[in-house]
Amino acid sequence: MKEFIVFYTLEDDIKRERIMKDADISKEQVMQEIVEKIDQCKYFLVKGDHGDYWINPSSIRYIRVHEKDDSKINHIKL
């Protein structure tokens, strides 16, 4: 299993979510799943360390995916 940390930069806040995926999943695939989820949902749930948050995709400005123990970071501007 791999652990990914996803950062959602919103208009006025930053939310962080930890995601566990199979060992053969790449950061690009995780990013693609997130983008598809954003396209399909009016709101979506982010399970963070400090609680769960409902996010309106229209408030997202950037998304960054960080693989735990990996120095490479992928991000996308929305």
Response to the item:
Here the side-chain hydrogen bond (donor to acceptor under 3.5 Å, both in side chains) pairs for residues 38-48, sequence neighbours left out, are none

Worksheet entry | Hydrophobic cluster of Y53, others only, ordered by chain and residue number, side-chain cut-off 4.5 Å | none

Fill in: Euclidean distance, K68 NZ relative to F4 CZ, rounded to 0.5 Å
12.5 Å

Worksheet item: Y62 and I60: which non-hydrogen atoms are nearest, and at how many Å?
Response: O-CG2, 3.7 Å

Response to the item:
Those residues at least two apart in sequence (or on a different chain) that pass side chain to side chain donor-acceptor pair (under 3.5 Å) with S59 are none

Counting only pairs under 3.5 Å, give me each side-chain donor-acceptor contact of residues 6-13, with atom names and distances, residues two or more places apart or in other chains.
residue, atom, partner, partner atom, Å
Y8, OH, E17, OE1, 3.0
E11, OE2, R61, NH2, 2.6
D13, OD2, K15, NZ, 2.7

Worksheet item: Q32: what forms a side chain to side chain contact (heavy atoms under 4.5 Å, CB included) with it, not counting sequence neighbours?
Response: E36

Worksheet entry | Non-neighbouring partners of R16 that pass salt bridge (charged side-chain N to carboxylate O under 4.0 Å, His left out), sequence neighbours left out | D49

Worksheet item: Nearest heavy-atom pair of C41 and P57: which atoms, and what distance?
Response: O-CG, 3.5 Å

Worksheet item: What pairs meet the ring pair (Phe, Tyr, Trp, His ring centres under 6.0 Å) rule with one or both residues in residues 13-38, with sequence neighbours excluded?
Response: none

Item to complete: Kindly write out the residues that satisfy salt bridge (charged side-chain N to carboxylate O under 4.0 Å, His left out) with K21, not counting sequence neighbours, or none if the list is empty.
Response: E33

Worksheet item: Considering residues at least two apart in sequence or located in another chain, which fulfil the side chain to side chain contact (heavy atoms under 4.5 Å, CB included) criterion with D22?
Response: M1, D24, I25

